[in-house]
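When a residue number appears, it is its place in the shown sequence, counting from 1.
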Amino acid sequence: MTARLPRLAQALRAPRSTQALRQGQGPMVDRPAALPMRRWVLDLGVTAVLIAVAMTGFWTTFAGPSYLPAVVGGILLGLAIAAVAMWRRWGILIITGLTLAAYFLFGGALALPHTAFLGVVPTIDTLQRLALGVITSWKQMLTTVAPVAAADGHLIVPLVLSLVGTVLTASLALRLSHVGWALIPAGVVLVLAIVLGTPEPAFPLAQGLIFAIFAISWLALRQLWAPQNAAVSVSEVDPARAAYMRMRRLLAGVAVLAVAGGAGIASSAIAQPVQPRHVFRDVVIPPFNVHDYPSPLQSFRKNVRDEAEKTLFTVSGLPKGARIRIAVMDQFDGQVYNVTDGGPGSSSAFAPLRSNMSPDAEGVPVTLKVSIEDYRGVWMPDAGAVSEIDFTGKRAEELRRSGYYNSDTGTAVVTEKLREGDTYTVDTVIPAKVDDTQLADVDFGKVALPKQSNVPEELTSLAAETVAGAESPIEQVRALETFLADGGFFSHGLEGEVLSRAGHTSERISTLVGGDQMIGDDEQYAVAMALLAREVGIPARVVMGYYPDEDHEGDAEFAATGDDVHAWVEVNFESVGWVTFNPTPPEDKVPNDQNTKPKVDPKPQVLQPPPPPQEPVDLPPTLPDDRKGDDETFNFAALLGLIAAIGGTALGVMALLASPFIVIGAWKAAKRRTRRNAARTSDRITGGWDELTDRAIDYGARLAPGGTRAEEAATLAASLPIPAVTALADRADAEVFGPSEPTPAQVDEFWAEVDGIVGGLGKEAGFWKRLRARLNLRSLIGGTAVANGVQNLKEAAAARVHREPGTIKSSTRTTTSTSAESETP
C-alpha cells in the first residue's frame, strides 16, 4: 500500500495533454490519471458541502447538533470509499461491499455508541441493531414525537443518508464527465432530510441558497475544466488572456447567483406567509390510540371494593409527598370523564417511549423502581415528569415495544398490559411544591382543553356563586375546593357505610351537589370540582392514581393497595404548570346523627342503570401467549383472524416468489400452444422443430441465427446429448417441403418425438439446471429487438477492445515521430 502512494500522487497530478485529446483519445474521465488534483479536491469538497447542507434539515428533529457526529462520520467514510474505488477502478459491487462494511464497522461508534464496547468496538447487540435499523429506524423516527433522542437509535437515519448519499454523489462526480448526474443523489438526500424531519424548518433560506450556489458553481467550474474545452485552449496563445476570461466568467456567475439570492430574499420578506411545511410525520397513522381504552375512573369503586387488601404494585424511591399517577382525564360527555380524542398537546397525545422524554422538566430528579404484583391494565404507574423508562425482567423487550408516554400529562401505557412479575425503572423529575403565597399574583395558564358537554345546568350558577368573593385565581380554586371538602361527607358506599352510589355521570354529580348532603368519594368530588372549575373558565383536569398516607417516610417502600387509590384535580397556572388540589373530604368525615341535617320531603335514592358498555378495545395484534386468568377469555375470532392474516401473508409471499415461474412458464406454454394448433399441418411441423430448438437453447445450446434445420441439428448434436435430432431434422424437411401436406397423424408422431427428446434433456440435467432452463429467457427474446440490441452492444464492445491497442500504438508512434522531427536540425 505504501509503495502505491507515490504512483497515486503522480496519477492525480498528471493531467491529460491537449495533444492527446487532439489525437482522438478522448476525455477519459473514468481513469485516475486523467483527473488532475483540482478535480479531486473540487468534486470531493463540493460533495461534502452539499450533503452536509442537506442534512441540516434534521436540526429540529434532534433539537440541536447531537446528530452531527453521525453525519460527519458518514460523509468522511463516503468520500474515502468513493476516492479509493476510483483510484483502484473498482466497480459497483465492490463499492457496495465497502459501504456495507463501513456501515457495520463504524456504525456502532457513530450511531449506537452506548451498545459498542468502549463506545467504539461493535458488539453482537450493535450489529443486530444496525441490521434491523436499516429497515425499522425510519418508521421509529416518524412515529416518535420530536425532538427525538440520539440514544434511542435514531442516529441510524442520518448516518445511512449521509454515507450512501456521499458515496453515490462522489462516485458519479469522479467517474462521469457531466457532473449534473451527481446532483441527483445529493438532491434526493436534501428532499429526504426535509420530509423525514419536522414541519418547523431549521435553516430553510440558508439551506436552499447554499445548496443552489454550490451546485451551480460546481457545474460552472466543471464546464470550464472540461477536456473538450481544453482541446482549443486560449492559454496556448495568450495565457494572460485565458486567465482573464476565466476570472471574468467566474465573477459573472457569482454576480448572477448574488442577484438571484438577493431577489429571493427580498421577495420572501414582502410575500404572504407561506403555508406550513408538510412532511411524512404529518401523515403517518399513530400506532396507538388511548381513547380506545375505557376510562380508568370507571373502575374506581371496583378497586376500592375488590382490591383493598391486595398489593397491586410496590414502588421504592418515592419522595415524601409525591404521588403515583395512572391516568389524566380532561373531557366530560355526561357519562364519563375520559381522555380527549384530540391531537398534539392533549391527554391522548401518546408517543413511543424514548430517552429524554421531558427535557424541560424542573424539580428534583429521582429514580423509581416499580414491581408489579396484582395490578393489571395498560396504564403504567409513574410519577412526575418522566425522562426515561427502562423495563427489566423476562418481558422487557415486549413491554418496551408496546410502551407509550404522554409528556403533557405525565402518563404512560403499555398495550401488552402489565401483569405480575413485570418490573421497570423510572427516571423522573418530581416538581417542587408551590404554596398559595407563590401563586398569589399568578394567572391561570392558557392551555387548550376540550369542550365539556352534558354538564348539569345548576353547576354554572353554583360555580359563579362559589367564586364570587374570590379576588385572585388561586382564591377562586381554593373556594371551589373548600366548598366541596368542607361541605361534604365521605363514603365509598361499601357494606356498613352510608349509601353512596358509584359513577360520575351528570345525574350522579347533580345529585351530589343538589342534595341535602353531599356524600361521595374521590370519584365524585374530583369530577364535581373539575366541572365547576371549567364552568367559570378555570383550566382543570382529573387525575387518578395512588399515594401513601401522610406518615409514610420517603425512603420506605410504598406498597400500593386498592385502599390507596385516589382521584384529585390539577389546575394549570401560568409559568408554574399543573398544581394539585384535593376536593375530597377527609375519610373520617362521615355522616351521622349529629352532623346530618334532617331532610325535608326526602327523596328516595334511585339506582341509575349502568352506563352502556364500551366498544371492545382493538389492541395491536400480538402473538398468543400463555396468560391465564379468570378475567381473560380466549378470543377464537381474534385467533382465526390472526391465522388468516398469517396464512394470507404466507400465500402472498409464496405467490410473489413463484411469480417468475408462473409468468415465464405461461409465456412458453402460450408459444407451444400456438405452434401446436397452427392452421396448416406443415406449420405445426415447423412449430415442433422450433419448440425443440427453444428448449435446447434454454439448456445452453448456441444456435446461429438464420441457419437451416440440418445446420441447427448438427450444432445441437455436438453440444447436447441428443443424436436423434439429426434424423428428426431430415424428417421435418421432408414433411414440410414434400409434395403434400403432412397428415394430422404425422404431426402427432412428430410432436411425440419432440416431446421425447425434450424430456430426455430434463432427465440428463440436474435439478438446478432444469430450474435455470425453465427460467431462461433466451428462447423467448431471441430474434427480438432487445436481443439484437444486446448483440450489437457486445459486438461494438469487442471491436473497441480490438481497436484500442492499435490506436495506442499508433498514437505512440505518431508522438515519437513528431518528437524526432522536432529534434532534427
So, the side chain of [X] versus the backbone of [Y]: is there a donor-acceptor pair under 3.5 Å, distance only?
| X | Y | result |
| --- | --- | --- |
| E497 | H492 | yes |
| S510 | P456 | no |
| T460 | E535 | no |
| K589 | D486 | yes |
| S295 | Y337 | yes |
| E557 | S316 | no |
| K320 | E550 | yes |
| S358 | V386 | yes |
| N582 | T584 | no |
| R508 | R501 | yes |

| message | So, applying ring-ring contact (aromatic ring centres under 6.0 Å, His included) with W568, which one of Y525, Y546, Y547 is it? | response |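 That would be Y547; it is the only one of Y525, Y546, Y547 passing the ring-ring contact (aromatic ring centres under 6.0 Å, His included) with W568.
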| task | Before giving the answer on side chain to side chain contact (heavy atoms under 4.5 Å, CB included), spell out for F490 and S500 the whole-Å C-alpha distance, their side-chain angles and the decisive distance to 0.1 Å. | result | CA-CA 9 Å; F490 184 89; S500 172; over 6 Å; no
| request: Using the side-chain hydrogen bond (donor to acceptor under 3.5 Å, both in side chains) rule, take D333 and S453 through it: C-alpha gap first, then chi angles, then the decisive distance, then the call. | output: CA-CA 5 Å; D333 59 4; S453 59; 6.0 Å; no
| request: Go through T411 and R325 one step at a time and tell me if the side chain to side chain contact (heavy atoms under 4.5 Å, CB included) criterion holds. | output: CA-CA 7 Å; T411 55; R325 60 177 53 210; 4.1 Å; yes
| Would you call the rings of F313 and Y375 parallel, tilted or perpendicular, where under 30° means parallel and over 60° means perpendicular? | perpendicular
Evaluate the side-chain proximity of [Y] to [X]: yes if any heavy-atom separation is below 4.5 Å, no if none is.
| X | Y | value |
| --- | --- | --- |
| V498 | V590 | no |
| L368 | T428 | yes |
| Q476 | F444 | yes |
| E307 | K302 | yes |
| V328 | W578 | no |
| L112 | H114 | yes |
| D330 | P450 | yes |
| V336 | L297 | no |

Roughly how far apart are [X] [atom1] and [Y] [atom2], rounded to 0.5 Å?
| X | Y | atom1 | atom2 | answer |
| --- | --- | --- | --- | --- |
| E458 | L532 | CD | CG | 10.0 Å |
| L531 | L462 | CG | CG | 11.5 Å |
| F573 | Q438 | CZ | CD | 12.0 Å |
| L353 | R400 | CG | CZ | 8.5 Å |
| Q335 | H504 | CD | NE2 | 9.0 Å |
| R129 | T115 | CZ | OG1 | 6.0 Å |

| query | What do you reckon, is CD of E397 surrounded by more than 12 foreign heavy atoms closer than 6.0 Å? | reply | yes
| message | As a quick check of understanding, evaluate side chain to side chain contact (heavy atoms under 4.5 Å, CB included) for V413 and T415, giving each step before the final call. | response | CA-CA 6 Å; V413 294; T415 59; 5.6 Å; no
| request: Give me the one residue out of Y424, F391, Y404 that meets side chain to side chain contact (heavy atoms under 4.5 Å, CB included) with V414. | output: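 The single option meeting the side chain to side chain contact (heavy atoms under 4.5 Å, CB included) with V414 is F391.
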| query | In a check of side chain to side chain contact (heavy atoms under 4.5 Å, CB included) between R541 and each of T409, V569, V571, which one passes? | reply |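 The single option meeting the side chain to side chain contact (heavy atoms under 4.5 Å, CB included) with R541 is T409.
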| query | Are D422 and E416 close enough, and set up right, to give a side chain to side chain contact (heavy atoms under 4.5 Å, CB included), and what steps lead you there? | reply | CA-CA 11 Å; D422 294 334; E416 287 296 327; over 6 Å; no
Residue pair [X] / [Y]: nearest heavy atoms and the distance that separates them:
| X | Y | value |
| --- | --- | --- |
| P583 | F581 | CD-O, 3.4 Å |
| D443 | P473 | OD1-CG, 3.7 Å |
| A385 | A361 | CB-CB, 3.6 Å |
| V527 | V542 | CA-CG2, 4.2 Å |
| D564 | H566 | O-CD2, 2.9 Å |
| A440 | I474 | CA-CG2, 4.1 Å |

| query | In terms of side-chain geometry, is the basic nitrogen of R478 or E475 positioned less than 4.0 Å from the acidic oxygen of its partner? | reply | no
